[in-house]
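A quick write-up on the structure given underneath.
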Amino acid sequence: MSNRFDNIGMRPADILLPKGCDMTKWAVVACDQFTSQPSYWEEVERLVGDAPSTLRLILPELRLNDADVDEQIAAINGSMTRYLEEGLFETYPQSIFYIERTQSDGTVRHGLVAAVDLEQYDYTPGSGSLIRATEGTVLERIPPRVRVRKDAPIELPHVMLLIDDPERTCIEPITAGRDGMEQLYDFDLMMGGGHLRCWKLTSEQMDLLAGALEVLASGEAMERKYGLAGAAPLLFAVGDGNHSLATAKTCYENWKKVTPEDQWGSLPARYALVEIVNLHDEALQFEAIHRVLFGVSPEEVLAAFRAAYPNAYEGRGEGHTIEMVWEGEDRFLTVPDPKVQLAVGTLQSFLDQYCGDHGCQVDYIHGEDVTRELGGKAGNMGFLLPAMGKDQLFKTVMADGVLPRKTFSMGHAEDKRYYVEGRKIK
């Protein structure tokens, strides 16, 4: 196998899969989904029953603040240890998996499961690392997650990383060759999650993948795609699960403090298992996330917006155009010559300042109709934003550091990654 993986921040891993299990009961959705719907997780509990399941190995985030959370975490670590001792897992040494996920709308998302090097990941805004966050990381969200991971003997990934591969040189050749690969699983996901299939890459396919990713990370590719000569290459951008990846990074940094430097490379915690998806996969759709202010005077908000952007004018035009709706009104304002890449950045900068000064509440809304309905109520004001184009993601992260929070949504909750594969981290 090529040693070129050393240059691209990812590598094969010793991947764990359960054997002799009902895979539909084994796989559950990412822990950060359905956080306001306990009935969802109650139904998952009913479906799983006493069967082996990743439900026993993860902590749904709606339970992070439970009074008995420490006992729940201890039970999770106990289940991990028991599954390992009972021989529940089969290990696939130094492997990369290719997966096909049939989503709730029938489209198929194509991905790779592999390990990434946390030495080459940085969530700090403006980082020049090979693997970067796309949105700001809320540092307060990391410690509770560290409590779950720090004593865990294995990890199960729900992180999704994106590559910007418009010429489809990395994942798609593997798709074309799947009929000659070893298939590992093929099953329906519970709770409307669609279907999942998986194959194991051959050594030759892994070599070709390493070469294609190396080209994708080259300076020539950065200049060709983004017009940024000499820029630090960005190969992997976090699409989902940034706080989970940041948690893995924090745990690794903690291990480094008690480990001689010449042993850092052999720490299992140095790597994290992820799914890698091409940004240009047709099944991957970006949807705008809109904003609604509550308990405000829309005319005062409008005046403050104009004061913040004195060159803004009413109507659509060149620059960043934002639609504003409130009771009986629907207007467009355009900010010419914006200082950031995206309209959401122009708006969010203003909203952060205004809400900080006036103490008003802002909510982030999926769906144009809901935004219009809420924004049109007395004392409210809605802001409708254009969806971010896929071609803007990497260039914006490279130019602006990170996207404004809640810039885009990537698929429905039931289409998020389900836990299936694992890896030892101790």
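All values below come from the heavy atoms of this structure, side chains included, with hydrogens, waters and symmetry mates left out.
Screening Ile8, Leu235, Leu130 for a side chain to side chain contact (heavy atoms under 4.5 Å, CB included) involving Gln120 leaves a single residue, Leu130.
Relative ring orientation between Tyr226 and Phe394 is described as parallel, the plane-to-plane angle staying below 30° on a 0-90° scale split at 30° and 60°. The aromatic rings of Tyr98 and His110 sit parallel to each other, their planes meeting at less than 30°, with 60° as the upper class boundary.
Relative to the six-membered ring of Phe383, Arg291 misses at least one condition, a distance below 6.0 Å or an angle of at most 45° to the axis.
A salt bridge links Glu275 and Arg109; the closest N-O separation between the charged side-chain nitrogens and carboxylate oxygens is under 4.0 Å. Between Asp240 and Lys416 a salt bridge is recorded (basic side-chain N to carboxylate O distance below 4.0 Å). Contact check on Glu253 versus Lys257 returns no salt bridge, with no Lys/Arg side-chain nitrogen under 4.0 Å from an Asp/Glu carboxylate oxygen. Ion pairing between a basic and an acidic side chain is recognised when a charged N comes within 4.0 Å of a carboxylate O; Glu368 and Arg372 show such pairing. Salt-bridge formation is detected for the pair Arg149/Glu155: a Lys NZ or Arg NE/NH1/NH2 atom is positioned less than 4.0 Å from an Asp or Glu carboxylate oxygen. With respect to Arg178 and Glu100, a salt bridge is recorded, a charged nitrogen being found less than 4.0 Å from a carboxylate O. The existence of a salt bridge linking Asp6 and Arg11 is confirmed by a sub-4.0 Å separation between a basic side-chain nitrogen and an acidic carboxylate oxygen. Contact check on Lys19 versus Glu86 returns no salt bridge, with no Lys/Arg side-chain nitrogen under 4.0 Å from an Asp/Glu carboxylate oxygen.
No side-chain donor-acceptor contact under 3.5 Å links Tyr364 and His290. Residues Thr259 and Gln263 have side chains that never bring a donor and an acceptor to within less than 3.5 angstrom of each other. In summary, the side chains of Tyr252 and Glu119 do present a donor paired with an acceptor at a separation below 3.5 Å, with no hydrogens or angles considered. For the residue pair Asp400 / Thr396, no side-chain donor-acceptor distance below 3.5 Å is found, with atom types taken as modelled. Remark: the Thr334 side chain and the His320 side chain contain no N/O donor-acceptor pair separated by less than 3.5 Å. No donor-acceptor contact under 3.5 angstrom links the side chains of Glu135 and Asn242, judged on distance only. Between the side chains of Tyr185 and Glu421, at least one donor N or O sits under 3.5 Å from an acceptor N or O.
Remark: aromatic rings of Phe236 and Tyr121 are distant, center separation not under 6.0 Å.
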- Task: Give the intermediate values and the outcome of salt bridge (charged side-chain N to carboxylate O under 4.0 Å, His left out) for residues Glu45 and Arg56.
- Result: CA-CA 10 Å; Glu45 184 75 43; Arg56 308 300 171 214; 2.7 Å; yes
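Contact of the Phe34 side chain with the Glu43 side chain is not registered, since no non-hydrogen atoms from C-beta on lie closer than 4.5 Å. Between Gln183 and Asp186, some side-chain heavy-atom pair lies under the 4.5 Å cut-off. Proximity of Leu342 to Met388: side-chain heavy atoms (C-beta onward) are separated by under 4.5 Å at one or more points. At least one side-chain heavy atom of Asp14 sits less than 4.5 Å from a side-chain heavy atom of Gln94. Inter-residue side-chain proximity for Met181 and Ile174 is flagged as met; some heavy-atom pair is nearer than 4.5 Å. The shortest side-chain heavy-atom distance between Val148 and Thr247 does not fall under the 4.5 Å cut-off. By the 4.5 Å heavy-atom criterion applied to side chains, Lys426 and Asp151 are counted as neighbours. With a 4.5 Å cut-off on side-chain heavy atoms, Leu245 and Leu118 count as touching.
Using a distance-only test at 3.5 Å, with no hydrogens or angles considered, a donor-acceptor pair links the side chain of Arg101 to the main chain of Gly193. The main-chain N or O of Thr346 is never found under 3.5 Å from a side-chain atom of Ser349 such that the two would form a donor-acceptor pair. Under the 3.5 Å distance criterion, the side-chain polar atoms of Thr24 are matched with a main-chain donor or acceptor of Asp188. Between the side chain of Trp264 and the main chain of Arg270, no donor-acceptor pair closer than 3.5 Å is present. With Lys225 contributing its side chain and Asp164 its backbone, the two residues share a donor-acceptor pair below 3.5 Å. With hydrogens and angles ignored, the 3.5 Å screen pairs no side-chain donor or acceptor of Tyr271 with any backbone N or O of Ile425. A donor-acceptor pair under 3.5 Å is absent between the side-chain atoms of Arg147 and the main chain of Arg145, judged by distance alone. A donor-acceptor pair under 3.5 Å is absent between the side-chain atoms of Lys424 and the main chain of Ile154, judged by distance alone. With hydrogens and angles ignored, the 3.5 Å screen pairs a side-chain donor or acceptor of Thr250 with a backbone N or O of Ala246. Formation of a donor-acceptor pair under 3.5 Å by the Thr371 side chain with backbone atoms of Gly367 is found in this model.
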